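Because the structure is a prediction, the values reported are computed rather than measured.
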Amino acid sequence: MAQIIQWYPGHMAKAFRLMRENMKYVDIVFELVDARIPASSRNPELDEVLGQKPRLLVLTKTDLADPARTKEWVNHFESQGLAVVALDTRGHKTPQIMTKAAREVLADKWANLADKGVKDKAIRALVAGIPNVGKSTLLNHLVMKNVAITGDRPGVTKKLQWLKTPTNLELLDTPGVLWPKFEDKRVGEHLAMTGAIKDQLINNDDVALGMLKFMRDYNPKAIIERYHLPEDSFDTMSDVDILLLITQKLGFKDDYDRAAERMLIDLRRGKLGRYTLEMPSDRIGEIVDEA
């Protein structure tokens with residue numbers, strides 16, 4: 001993929017300002033990251049905004065991610081001293097898992113409050129993350145009713161709102177925020193593949209070719225079976241030729257952009273199996289990829 005994807009709408013700059021203004025009202029931050037792209041979906045600018053506020057890292061969409069790789073990521077984050085949970089936010093145990101994890105992070109502070117006679121205090125948490133990371137889905141399951149708009153696209157949440165849960169959490173929902181420039185082009189590629197960047201701002205065929213490059217090594221069988229390709233396709237054909245063949249197989253004639261869009265939808269919705277695009281050893285975002 002030749003382009004370096006950028007996306008930084010004005011409402012995101014406003015969201016950062018609102019987060020700073022409300023940080024004094026919260027006890028903990030729930031930082032959501034996509035389990036398929038745990039490095040690329042962490043906003044580096046959040047560190048400055050959140051400061052020393054206690055944090056719980058929440059790996060979402062684990063139902064779409066490679067479970068073995070998710071476990072490696074959990075171990076990696078824990079080795080860095082981070083409190084972390086990995087879950088399918090739609091799971092019926094999500095409220096209990098999140099509340100228990102938050103109480104563990106705040107155990108010392110809550111013990112001090114108890115010593116002062118303050119008991120059963122609600123935990124106030126700010127929920128932060130990039131667009132389309134699953135914040136609204138998580139909030140709806142914590143509150144146990146549909147209070148936040150959800151959608152398989154970025155930019156659904158546009159303002160801050162407080163929500164109360166039956167498990168004694170008070171949650172401050174925030175819009176998904178990206179950062180102005182991706183120094184490592186792989187970050188933009190991975191965000192585009194998983195749907196964190198609006199499709200209108202990317203070239204679908206470029207992103208689909210990046211997807212094919214990844215699947216060539218990771219799980220070529222998923223592509224072959226989904227689009228009814230010859231068994232030796234990845235041995236004998238380039239990624240461009242495979243995209244053109246898939247276009248024909250889908251009945252789209254020479255409209256390869258339409259085929260690319262279909263492929264990305266299939267990838268994001270799990271039609272090509274569970275996958276994780278990156279591992280800790282890839283050092284995504286740490287160094288600029290000049291290749």
At what distance, to the nearest 0.5 angstrom, does [atom1] of [X] lie from [atom2] of [Y]?
| X | Y | atom1 | atom2 | value |
| --- | --- | --- | --- | --- |
| Leu56 | Leu82 | CG | CG | 9.5 Å |
| Thr276 | Lys61 | OG1 | NZ | 13.0 Å |
| His190 | Phe182 | NE2 | CZ | 12.5 Å |
| Leu87 | His141 | CG | NE2 | 11.0 Å |
| Leu243 | Tyr227 | CG | OH | 10.0 Å |
| Met279 | Glu72 | CE | CD | 3.5 Å |

Could you tell me if [Y] and [X] have a donor-acceptor pair between their side chains, going purely by distance under 3.5 Å?
| X | Y | answer |
| --- | --- | --- |
| Thr167 | Gln96 | no |
| Thr137 | Asn140 | no |
| Tyr25 | Arg124 | no |

Minimum heavy-atom separation for [X] to [Y], with atom names?
| X | Y | answer |
| --- | --- | --- |
| Pro95 | Met144 | CG-CE, 3.6 Å |
| Thr70 | Ala35 | OG1-CB, 4.2 Å |
| Trp162 | Ala125 | CZ3-O, 4.5 Å |
| Trp110 | Ala122 | CZ2-O, 3.8 Å |
| Met19 | Ala128 | CE-CB, 4.3 Å |

Quick one: does [X]'s side chain get under 4.5 Å of [Y]'s, heavy atoms only?
| X | Y | value |
| --- | --- | --- |
| Leu267 | Met263 | no |
| Met98 | Leu142 | yes |
| Phe234 | Leu212 | yes |
| Trp179 | Val187 | yes |
| Val29 | Pro54 | no |
| Thr194 | Asn132 | no |

[X], [atom1]: over 12 other non-hydrogen atoms inside 6.0 angstrom:
| X | atom1 | result |
| --- | --- | --- |
| Arg103 | CZ | yes |
| Arg20 | CZ | yes |
| Lys24 | NZ | yes |
| Asp254 | CG | no |
| Asn112 | CG | yes |
| Lys271 | NZ | no |
| Lys121 | NZ | yes |
| Tyr256 | OH | no |

Asp63/Arg90 under salt bridge (charged side-chain N to carboxylate O under 4.0 Å, His left out): CA gap, chis, key distance, verdict
CA-CA 10 Å; Asp63 57 309; Arg90 300 168 303 174; 2.6 Å; yes
Is [X] reaching over with its side chain to a backbone N or O of [Y], donor-acceptor style, under 3.5 angstrom?
| X | Y | answer |
| --- | --- | --- |
| Asn22 | Leu18 | yes |
| Thr94 | Thr89 | yes |
| Arg274 | Thr62 | yes |
| Asn204 | Arg258 | no |
| Ser40 | Ile37 | no |
| Thr165 | Val143 | no |
| Lys249 | Leu229 | no |

Could you go through the salt bridge (charged side-chain N to carboxylate O under 4.0 Å, His left out) check for Lys253 and Asp255 one step at a time?
CA-CA 6 Å; Lys253 298 182 180 180; Asp255 191 352; over 6 Å; no
List the residues meeting salt bridge (Lys or Arg N to Asp or Glu O under 4.0 Å) with Glu261, not counting sequence neighbours, and say none if there are none.
none
What pairs with Arg42 under salt bridge (Lys or Arg N to Asp or Glu O under 4.0 Å), at least two apart in sequence or on another chain?
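Partners of Arg42 under the salt bridge (Lys or Arg N to Asp or Glu O under 4.0 Å) test: Glu31.
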Quick one: do Ile130 and Val177 satisfy side chain to side chain contact (heavy atoms under 4.5 Å, CB included)? Show the steps, please.
CA-CA 5 Å; Ile130 66 167; Val177 286; over 6 Å; no
Is it true that [X] and [Y] fall in one hydrophobic cluster, defined by side-chain heavy atoms closer than 4.5 Å?
| X | Y | answer |
| --- | --- | --- |
| Leu191 | Leu59 | no |
| Val127 | Phe77 | no |
| Leu139 | Ile28 | yes |
| Ile197 | Leu32 | yes |
| Val105 | Val84 | no |

Do Asp47 and Lys53 pass the salt bridge (charged side-chain N to carboxylate O under 4.0 Å, His left out) test, and can you show the C-alpha distance, the side-chain angles, and the key distance before you say yes or no?
CA-CA 10 Å; Asp47 286 340; Lys53 187 69 65 173; over 6 Å; no
Please lay out, stage by stage, how Asp66 and Tyr275 fare under the test side chain to side chain contact (heavy atoms under 4.5 Å, CB included).
CA-CA 5 Å; Asp66 181 325; Tyr275 66 94; 5.8 Å; no
Let me see the working for Arg226 and Asp266 under salt bridge (charged side-chain N to carboxylate O under 4.0 Å, His left out), right down to the final yes or no.
CA-CA 9 Å; Arg226 178 68 178 173; Asp266 286 347; 3.3 Å; yes
Qualifying salt bridge (Lys or Arg N to Asp or Glu O under 4.0 Å) pairs with a residue from residues 209-220, counting only residues at least two apart or across chains:
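Qualifying pairs, neighbours excluded: Arg216-Asp239.
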Residues Arg36, Leu277; criterion side chain to side chain contact (heavy atoms under 4.5 Å, CB included); working and verdict
CA-CA 6 Å; Arg36 299 169 298 176; Leu277 291 169; 5.5 Å; no
Do the charged groups of Asp282 and Arg186 touch, with an N to O distance under 4.0 Å?
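Salt bridge flag = no for Arg186 with Asp282.
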Test side chain to side chain contact (heavy atoms under 4.5 Å, CB included) on Ile223 and Ile246 and set out the steps.
CA-CA 9 Å; Ile223 297 290; Ile246 291 174; 4.0 Å; yes
Look at the aromatic rings of Tyr218 and Phe214 and report parallel, tilted or perpendicular, splitting at 30° and 60°.
parallel
